[in-house]
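Shown next, in structure tokens, is the structure this report addresses.
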Amino acid sequence: MNQRDVGTILRLYPLGEHGAIICWCTPEHGIVRTASRSALKPGSELAGCVDLFHECELVFRPSAKSDLATLVTAELISPRLGLRGHLGRLRLASYMAQLMLCTVEPGAGADPAWHKLISGALDYTCTAALRPEILTHFERRLAELHGLYAPGISPHLALLRHFTRLPAGRDTLLPLLAQ
């Protein structure tokens, strides 16, 4: 049976010539991975909708055999064009999406707070002046949602202690945000 939700695209993987595996963060289903054989095909009904950080209303069909669902349709809600106008914004958004995918398991994050966190952070990043505090606030909120945050400990270190492996690039991103 088809499922309907709203989701933010956090990652795209190629699937054949015109297809893609799309990782979404949704309020009702958490992290959802969908596949579409024609997502990137010119003239496809999904063309223009399926792109990194887009917010879409999606319809998907869960698989009985795996965690990879089939994307039936997607309708664009917000393209978050502000992220594409500045390399620093795009790098910050990419790091936050990778951090979310590293710490929230597919299917396990069916809590609207996860979607609210990443969606709000990406919306804010579209227009805000870049500062390191944006990243540290995101990390703090993520650590709080995981129940790992303790005052006096860096949220990044709290996440690192628990998950042991976080996305690379944070050390080069922070100076870029401070400019």
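The figures that follow rest on heavy atoms only: side chains count, while hydrogens, waters and symmetry mates do not.
We find the CG-CD1 distance between Leu12 and Ile22 to be 6.0 Å, quoted to the nearest 0.5 Å. In this structure, CG in Leu130 is found 5.5 Å from CD1 in Ile134, a value given to the nearest 0.5 Å. Atom SG of residue Cys23 and atom CD of residue Gln98 lie 11.5 Å apart, to the nearest 0.5 angstrom. Atom SG of Cys25 sits about 15.0 Å away from atom CZ of Arg11, to the nearest 0.5 Å. Rounded to the nearest 0.5 angstrom, Leu174 CG and Thr136 OG1 are separated by 8.0 Å. Atom-to-atom distance recorded for Met1:CE and Arg61:CZ is 11.5 Å, nearest 0.5 angstrom.
Under the 4.5 Å side-chain criterion, counting only non-hydrogen atoms from C-beta, Leu10 is not in contact with Trp24. Counting heavy atoms from C-beta on, the side chains of Leu117 and Phe138 come closer than 4.5 Å. Between Thr172 and Leu176, every side-chain heavy-atom pair lies at or beyond the 4.5 Å cut-off. Using a 4.5 Å heavy-atom cutoff, the side chains of Ser38 and Glu45 are not in contact. Side-chain contact between Thr125 and Met96 is present, with at least one heavy-atom pair separated by less than 4.5 Å. Counting only heavy atoms from C-beta outward, the side chains of Ile77 and Val6 approach each other to under 4.5 Å.
The 12-atom threshold is exceeded at CZ of Arg131, counting heavy atoms of other residues, nucleotides or ligands nearer than 6.0 Å. Counting heavy atoms of neighbouring residues, nucleotides and ligands inside a 6.0 Å radius, atom CD of Glu133 exceeds 12 of them.
Under a 4.5 Å side-chain heavy-atom cut-off, the cluster of Ile, Leu, Val, Met, Phe, Trp and Tyr residues that includes Leu81 has no other member. In this structure, Leu15 belongs to a hydrophobic cluster whose other members, linked by side-chain heavy atoms under 4.5 Å apart, are Tyr13, Ile21, Leu68.
In the hydrophobic clustering of this structure, Leu76 does not group with Phe53; members are Ile, Leu, Val, Met, Phe, Trp, Tyr whose side-chain heavy atoms approach within less than 4.5 Å, directly or through other members. Linking Ile, Leu, Val, Met, Phe, Trp and Tyr residues whenever their side-chain heavy atoms come within less than 4.5 Å leaves Leu99 and Tyr149 in two separate clusters. Clustering ILVMFWY residues whenever any of their side-chain heavy atoms sit less than 4.5 angstrom apart, transitively, puts Val50 in a cluster other than the one holding Val59. Cluster membership for Val72 and Val32, using ILVMFWY side-chain heavy atoms within less than 4.5 angstrom, is not shared.
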### Task
Check step by step if side chain to side chain contact (heavy atoms under 4.5 Å, CB included) holds for Trp114 and Thr26.
CA-CA 8 Å; Trp114 298 113; Thr26 68; over 6 Å; no
- prompt: Should Arg4 and Phe60 be marked as a side chain to side chain contact (heavy atoms under 4.5 Å, CB included) after you check the CA-CA gap, both sets of side-chain angles, and the distance that decides it?
  reply: CA-CA 7 Å; Arg4 181 178 297 272; Phe60 63 95; over 6 Å; no
Worked check of side chain to side chain contact (heavy atoms under 4.5 Å, CB included) between Ser36 and Thr70: CA-CA 6 Å; Ser36 172; Thr70 301; over 6 Å; no
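Listed here is the closest heavy atom pair of His86 and Gly88: ND1-N, 3.0 Å. Across all non-hydrogen atoms, the minimal contact from Ala74 to Cys49 is O-SG, 3.5 Å. Scanning both residues, Val104 and Ile31, for their nearest heavy atoms gives CG1-CG1, 3.6 Å.
For residues 76-99, the salt bridge (Lys or Arg N to Asp or Glu O under 4.0 Å) pairs, not counting sequence neighbours, are Asp51-Arg84, Glu55-Arg80, Arg80-Asp123. For residues 25-34, the pairs satisfying salt bridge (Lys or Arg N to Asp or Glu O under 4.0 Å) are Arg33-Asp67, with sequence neighbours left out.
With hydrogens and angles disregarded, no donor-acceptor distance shorter than 3.5 Å links the side chain of Asp5 to the backbone of Leu58. For the pair Ser44 (side chain) and Leu40 (backbone), a donor-acceptor distance under 3.5 Å is absent.
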Without placing hydrogens or testing angles, list every side-chain donor-acceptor pair under 3.5 Å for residues 140-147, not counting sequence neighbours.
unit_1 : atom_1 : unit_2 : atom_2 : d
Arg140 : NE     : Glu144 : OE2    : 3.1
Arg140 : NH1    : His137 : ND1    : 3.3
Arg141 : NH1    : Glu144 : OE1    : 2.7
His146 : NE2    : Thr103 : O      : 3.3
His146 : NE2    : Thr103 : OG1    : 3.3

Residues 153-166 side chain polar contacts: donor-acceptor under 3.5 Å, at least two apart:
unit_1 : atom_1 : unit_2 : atom_2 : d
Ser154 : OG     : His156 : N      : 3.3
His156 : ND1    : Glu139 : OE2    : 3.4
His156 : ND1    : Arg170 : NE     : 3.2

